[in-house]
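It should be emphasised that the depicted structure is a prediction, and the values quoted were computed from it without experimental measurement.
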Amino acid sequence: IDSSVDSKAGLLEKGHRSDAHDKTEDACFSVAKGIYRLRFFFVAAWIGISVFLAPCAYLTVLRAAPMVKQPPGGTESSAAMDIFESHYQNLAILRREMVVIRCKKACPTAATVMAKGFVQQLIDIIKRFETDNPGSVVQIHSYFEFAGHHQLGENPMISKNNQAILLQWIWRVPASMKAKAEALCDEVNREISLINSFQDEDGLEVAATGLVFLDHAMKQTLIEEIPVHEISTIWLPFMILAFALRSGRMLLLALLPMPIEILTAFGLMYFVSLQTTVVLFALMMMLMLCTSLSFDYSLFTLTRYAEERQAGEDVEPAILTVISQSGRVVVVSGCVLMIAWAAMLGLPTPFNGFCVAACSMILVCVLVQLTFVPSLLAILPFLGAPKVERRPDAEIIEASVKEAKRGLNGDAYGYDGEEAYDKAKPHMRGPYFWLGGTITKFPIN
């Protein structure tokens with residue numbers, strides 16, 4: 001009686017699990033059907049959103065902080081900085097910039113008549129900025145101001161070996177004038193580039209540095225170098241994905257979502273940058289996440305689509321299977337990643353910006369791969385794998401009968417069980433075989 005009750009209880013439990021599984025399958029299939037019905041809307045919507053957010057994405061890059069100079073809020077350092085800025089408002093916004101003029105090869109001195117002309121050109125640019133922005137430039141010093149009969153002691157603006165001289169200025173750069181200050185840096189750099197272009201191998205070399213120059217240079221590096229870095233390193237995952245998909249058209253389909261994901265996620269981060277600090281390293285991390293997740297999720301969805309088409313399915317049922325089956329893997333993977341990155345939300349600013357940046361990119365990648373890619377594939381099926389016609393039912397039945405007859409004779413694959421074990425035995429050793437056997441002993445596996 002007990003065994004009968006237990007067996008009935010087991011069947012009932014399996015039935016409940018089966019019903020829950022069926023409900024989950026029905027819900028996923030309903031979502032897949034909804035996405036398929038709205039395929040034109042999703043394609044147009046994602047393209048429109050990316051175009052609309054493209055200016056915001058560019059502004060995000062411009063607003064990103066190249067490095068953290070402010071202490072996290074709520075700390076003792078932050079309180080000390082607040083006191084300092086409240087008592088010395090002018091001193092807190094002072095910045096020092098420098099231009100070095102040095103000899104390319106060993107020379108008697110860098111303080112030549114030509115160097116004096118270069119210094120005067122740069123001083124004119126700085127003074128013109130002071131005229132347009134009164135009170136911005138505090139001091140301008142160069143080697144030639146300290147040179148002459150009135151100079152006591154050594155000139156502080158020349159190196160000990162006389163191979164380089166210095167031009168420096170101190171100016172006020174509040175947050176409201178940061179854009180103008182960076183524009184001056186660009187103008188000075190252009191003038192320096194023009195000067196250097198006319199110098200021979202034994203001439204002079206001019207270079208600028210300072211806080212504002214370094215900040216601006218790092219921002220320009222991000223804008224210019226990151227695309228170069230992506231292009232130079234993307235070939236390896238590109239080849240892996242191409243090998244897995246074995247189709248140039250499907251490879252193109254895997255690459256199309258990436259600009260949409262980058263523009264959308266970067267555009268959303270612009271509104272985050274209005275409330276908190278977003279550092280450049282967070283944007284670099286978003287680009288790496290976009291590349292890895294796009295290729296990874298494309299591998300899930302497009303290979304499943306190719307399998308369904310090879311099995312003889314039409315476009316619509318193949319798309320529905322991709323969204324309802326592979327789509328669940330993509331959603332679960334994205335949720336796990338966002339939960340993991342959410343641990344950084346408790347960190348102080350700007351480190352919590354990494355959490356927001358990563359979660360934004362992951363969420364956008366999941367949504368694009370779940371809605372845009374299947375919708376575009378449904379609209380343009382020639383981008384995907386072609387359909388393979390199924391064999392007639394009579395051939396399938398005949399092949400099944402032949403397989404069954406071989407199985408009854410104990411020779412289904414040309415050898416018996418003992419021979420199969422003998423063939424596998426040489427491979428049943430080594431660290432990987434031991435590791436696999438150890439792992440499979442755990443009940444949780």
Side-chain angles (χ1 to χ4, degrees), residues 46 49-75 78 175 178 214-234 237 255 257-298 330-373:
W46 279 114
I49 290 172
S50 61
V51 172
F52 176 75
L53 291 177
C56 296
Y58 181 71
L59 292 176
T60 301
V61 177
L62 296 181
R63 289 180 58 85
M67 60 182 69
V68 181
K69 300 185 183 67
Q70 298 296 331
T75 61
S78 177
K178 186 177 180 181
L214 290 176
D215 286 354
H216 189 53
M218 289 188 67
K219 187 178 297 185
Q220 293 296 323
T221 299
L222 178 71
I223 298 174
E224 297 172 4
E225 296 296 330
I226 288 300
V228 176
H229 175 268
E230 288 292 313
I231 294 173
S232 61
T233 59
I234 203 173
L255 298 176
M258 293 180 65
I260 295 177
E261 294 164 351
I262 293 173
L263 292 176
T264 303
F266 273 47
L268 294 176
M269 285 302 297
Y270 169 73
F271 302 101
V272 177
S273 68
L274 297 177
Q275 304 298 325
T276 185
T277 303
V278 177
V279 296
L280 293 177
F281 302 105
L283 302 184
M284 296 169 63
M285 180 195 61
M286 290 178 70
L287 286 175
M288 291 186 287
L289 277 174
C290 176
T291 303
S292 58
L293 294 180
S294 296
F295 285 179
D296 191 26
Y297 294 160
S298 296
V330 172
V331 171
V332 171
S333 173
C335 290
V336 170
L337 287 175
M338 285 190 288
I339 292 173
W341 280 100
M344 298 186 69
L345 196 60
L347 297 177
T349 305
F351 302 105
N352 55 6
F354 284 89
C355 164
V356 181
C359 291
S360 300
M361 180 56 75
I362 295 168
L363 180 62
V364 170
C365 287
V366 169
L367 293 178
V368 169
Q369 294 293 333
L370 200 62
T371 57
F372 176 78
V373 174

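Ile260 and Thr264 get closest at one heavy-atom pair: O-OG1, 2.7 Å. In plain terms, the two heavy atoms of Ala357 and Ala282 that are nearest each other are CB-CB, 4.0 Å.
Side-chain contact between Val278 and Tyr270 is absent, with no heavy atoms from C-beta onward closer than 4.5 Å. In this structure, Met286 and Ile262 have side chains that are not in contact, with every pair of non-hydrogen atoms separated by 4.5 Å or more. Residues Leu293 and Leu337 form a side-chain contact, since some pair of their non-hydrogen atoms from C-beta on lies under 4.5 Å apart. You'll find the side chain of Tyr297 reaches within 4.5 Å of the side chain of Ser333, heavy atoms only. Counting heavy atoms from C-beta outward, Trp341 and Met285 have side chains that approach closer than 4.5 Å. Side-chain contact between Phe271 and Leu53 is present, with heavy atoms from C-beta onward closer than 4.5 Å. Contact of the Trp46 side chain with the Leu263 side chain is not registered, since no non-hydrogen atoms from C-beta on lie closer than 4.5 Å.
Between atom CD1 of residue Ile362 and atom CG of residue Leu367 there is a gap of 12.0 Å, rounded to the nearest 0.5 Å.
Residues satisfying the side-chain contact (heavy atoms from CB on, under 4.5 Å) criterion with Val331, sequence neighbours excluded, are Cys335, Val366, Leu370. Ser294 meets the side-chain contact (heavy atoms from CB on, under 4.5 Å) test with Met258, Glu261, Cys290, Cys365, Gln369; sequence neighbours excluded. Evaluation of the side-chain hydrogen bond (donor to acceptor under 3.5 Å, both in side chains) rule for Thr60 yields no partner, not counting sequence neighbours. Annotation: side-chain hydrogen bond (donor to acceptor under 3.5 Å, both in side chains) contacts of Ser50 (sequence neighbours excluded): none. Residues passing the side-chain hydrogen bond (donor to acceptor under 3.5 Å, both in side chains) test with Ser360, sequence neighbours excluded: none.
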Evaluate the side chain to side chain contact (heavy atoms under 4.5 Å, CB included) criterion for residues Arg63 and Leu274: first the C-alpha distance (whole Å), next the side-chain angles of each, then the deciding distance (0.1 Å), finally the verdict.
CA-CA 9 Å; Arg63 289 180 58 85; Leu274 297 177; 3.7 Å; yes

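Side-chain atoms of Ser298 do not come within 3.5 Å of backbone N or O of Phe295 as any donor-acceptor pair.
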